[in-house]
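Since the structure comes first, as structure tokens, the remarks are kept for the end.
Letters go in sequence order (proteins before strands), and every chain restarts at 1.
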Amino acid sequence: MASKFQAPRGTFDVLPAAGRARARLQAVATGIFERAGYEMIQTPTFEDTDLFERGVGKSTDIVRKEMFTFEDKGERSLTLRPEGTAPICRAYLEHGMHKQAQPVKLSYVGPFFRHERPQAGRYRQFHQLGIEAIGTDSPLADAEVIMLLSDLLGELGVPGVALRLGSLGSLDARAAYLEELKAHLHRHEGDLTADVRERIDINPLRAFDSDDAGVQGVMASAPTILDALSAEDQEHFDEVRALLDAAGIGYELDGTLVRGIDYYTRTIFSFVCDALGGQSEIGGGGRYDGLIEQLGGPATPAVGWAAGIERILLALDEEEPRRGRDAFVAIADPEQRRRAMALVTELRNAGFSAEMDLAGRGLKGQLKHADRIGAARVLILEAGGTAQLRDMASGEQRAADTGNLLGEMTGGEA
RNA sequence: GUGGCUGUAGCUCAGCUGGUAGAGCUCCUGGUUGUGGUCCAGGCGGUCGGGGGUUCGAGUCCCCUCAGCCACCCCA
């Protein structure tokens, strides 16, 4: 360790080599969002702690043990945002966006914070991008939002992606279902493993994921949430499925799908990637028809998702190559320094990417550097004011008129 | 938060049963007093993650701690 300082646990530096892949991801996402009419919104990095306690849910792991919470000098309890949907709903209410044409379609990208034990694909400061369609309960919105995430992953070329789809029904139906499931588990406690038994009342849905044969036997006869949907919820879900089918988006129906946030209702979905290890969900979301009301606003249905930038990048596992420069201006004679600077500026103003030596290298070093940064051509300024234009790929070099530099650059493609 | 594995130059790694650190790549310079990508030579660069202990002596042994990874947990 060269320095005694390290990036804090679970955080990381994005160096230029990795930054290029992130930039591409963002550019692709921005294009998709803009074409679909989802406009960028930015909210603060921290919010009132209460916003997350009420929005995300006090009993969730996120609120109970993963938030970075602190007091400011006015003794306000603030929390580094662990997710993006509650803040956006807060902004929607605060700025009266319900008066705009509905639905309000928003997109976002930025850092989020959760105090978890770090692992590959799981960080304490991580980045998500996502979209929300607020103000409609139409299944069309559910389908649109899912299709956009599918498009994003497809356009990026993320391998091994699968979509899991489920429905939680209304909050009431879900609560009733969970009681029914717990009762079922309690009836068969004798066949459960100790860890599953301990979690019956905390997270009974987890029992569906057990590898234990005894537990699996119990779960085979367990009711699923999909059996417990109301007629309306069932109809809504059927329509979402029909729309995805019509769009040719494949999915796996999953009656045991779980979300870690309390605000979800009806449609939920998760995109998983088998190229990842333990943290295999690369994006997910669902409908949250009760959240805005929960935050003190009018009943407002909404649907959206978030995707993990680090996880997508991990799944892609690609280095974006560095783009070369159009030109490098080298000086064979120190007297030409000022002219070099003027010529580099002229090139840049004309739209070319151009660099010159800033390190005092000899001509050989400058050529070497030009090669290293991928310069297509090198303009060598000679003593007395003459110049040579060298094509780095072919090695061909000819006299050039610096008074007509742009002409020299565009013409005579060597 | 629990358990396990790992931690030596910027990067990838070597260093046997303890005797005060090495290679390749990168970078810089020279071979070519004005010309890159190959080659050759030289150089820069490490308090061996950090702290403490055992020992005449520790990168090598012990303890603590920090960080990464894996599983659990959870989720993006």
Side-chain angles (χ1 to χ4, degrees), chain A residues 1-12 15 17 56 60-66 81-85 109-130 149 153 195 198-199 202-203 205-206 209-211 257-261 269-273 276-285 304-315 328 330-336 357 359-384 386-397:
Chain A
M1 214 71 11
S3 154
K4 71 173 197 164
F5 292 115
Q6 291 173 257
R9 179 162 214 208
T11 69
F12 52 87
L15 303 181
V56 175
T60 60
D61 277 16
I62 291 178
V63 170
R64 283 195 303 132
K65 44 192 192 190
E66 295 175 2
R81 58 182 187 183
E83 63 98 47
T85 301
V109 59
F112 294 88
F113 308 84
R114 291 184 201 171
H115 193 114
E116 296 186 87
R117 185 131 171 195
Q119 223 169 295
R122 185 164 84 181
Y123 306 96
R124 290 186 174 181
Q125 175 174 343
F126 56 100
H127 299 79
Q128 289 186 337
L129 49 82
L149 180 49
L153 299 174
D195 57 316
E198 281 165 18
R199 303 184 66 78
I202 305 169
N203 190 352
L205 288 167
R206 208 73 215 175
D209 296 333
S210 174
D211 323 309
L257 197 58
V258 198
R259 298 265 87 201
I261 298 177
F269 54 92
S270 170
F271 282 82
V272 294
C273 174
L276 263 34
Q279 316 305 320
S280 63
E281 182 173 336
I282 54 181
W305 52 256
I309 290 179
E310 287 76 26
R311 290 194 186 168
I312 292 175
L313 261 16
L314 209 58
F328 184 89
I331 52 177
D333 168 32
E335 295 299 312
Q336 303 296 319
D357 176 55
R361 280 184 250 262
L363 185 60
K364 176 179 175 164
Q366 293 180 63
L367 265 298
K368 189 176 173 125
H369 188 69
D371 182 55
R372 201 154 38 203
I373 65 174
R377 301 171 187 193
V378 175
L379 182 71
I380 301 168
L381 303 183
E382 305 171 305
T386 55
Q388 300 285 323
L389 187 61
R390 182 180 183 83
D391 182 288
M392 293 297 275
S394 67
E396 285 172 30
Q397 186 169 313

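Considering only residues two or more places apart in sequence or on other chains, A:Asp371 meets the side-chain contact (heavy atoms from CB on, under 4.5 Å) condition with A:Met392. The salt bridge (charged side-chain N to carboxylate O under 4.0 Å, His left out) test applied to A:Glu66 returns no partner, not counting sequence neighbours. Under the salt bridge (charged side-chain N to carboxylate O under 4.0 Å, His left out) criterion, A:Lys368 pairs with no residue, sequence neighbours left out. Take A:Glu310 and apply the salt bridge (charged side-chain N to carboxylate O under 4.0 Å, His left out) test, not counting sequence neighbours, and it matches A:Arg22. The side-chain contact (heavy atoms from CB on, under 4.5 Å) test applied to A:Ala7 returns A:Thr11, A:Asp13, not counting sequence neighbours. Every salt bridge (charged side-chain N to carboxylate O under 4.0 Å, His left out) that A:Arg361 has, sequence neighbours left out, goes to A:Asp357.
In this structure B:U6 sits in a base pair with B:A67, meeting the Watson-Crick or G-U test at under 3.5 Å. Nucleotide B:C11: paired with B:G24 (Watson-Crick or G-U wobble, both distances less than 3.5 Å). Of all nucleotides present, none satisfies the Watson-Crick or G-U wobble test against B:G36 with each distance under 3.5 Å. Using the Watson-Crick or G-U wobble rule with both distances under 3.5 Å, B:A41 pairs with B:U29.
Separating the C1' atom of B:U35 from that of B:G43 is a span of 23 Å, rounded to the nearest Å.
Sorted by first and then second residue, the salt bridge (Lys or Arg N to Asp or Glu O under 4.0 Å) pairs with a member in residues 117-130 of chain A read A:Glu116-A:Arg122; sequence neighbours excluded.
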(message) Generate the contact string for nucleotides 31-37 of chain B. Rules: B means base contact, S means sugar-phosphate contact only, - means no protein heavy atom under 4.0 Å.
(response) B--BBBB
(request) Going 5' to 3' through nucleotides 69-76 of chain B, assign each nucleotide B (protein heavy atom under 4.0 Å from a base atom), S (under 4.0 Å only from sugar-phosphate atoms) or - (no protein heavy atom that close). (result) SBBBBBBB
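For the pair A:Arg311 and A:Phe126, the minimum side-chain heavy-atom distance is 4.5 Å or more.
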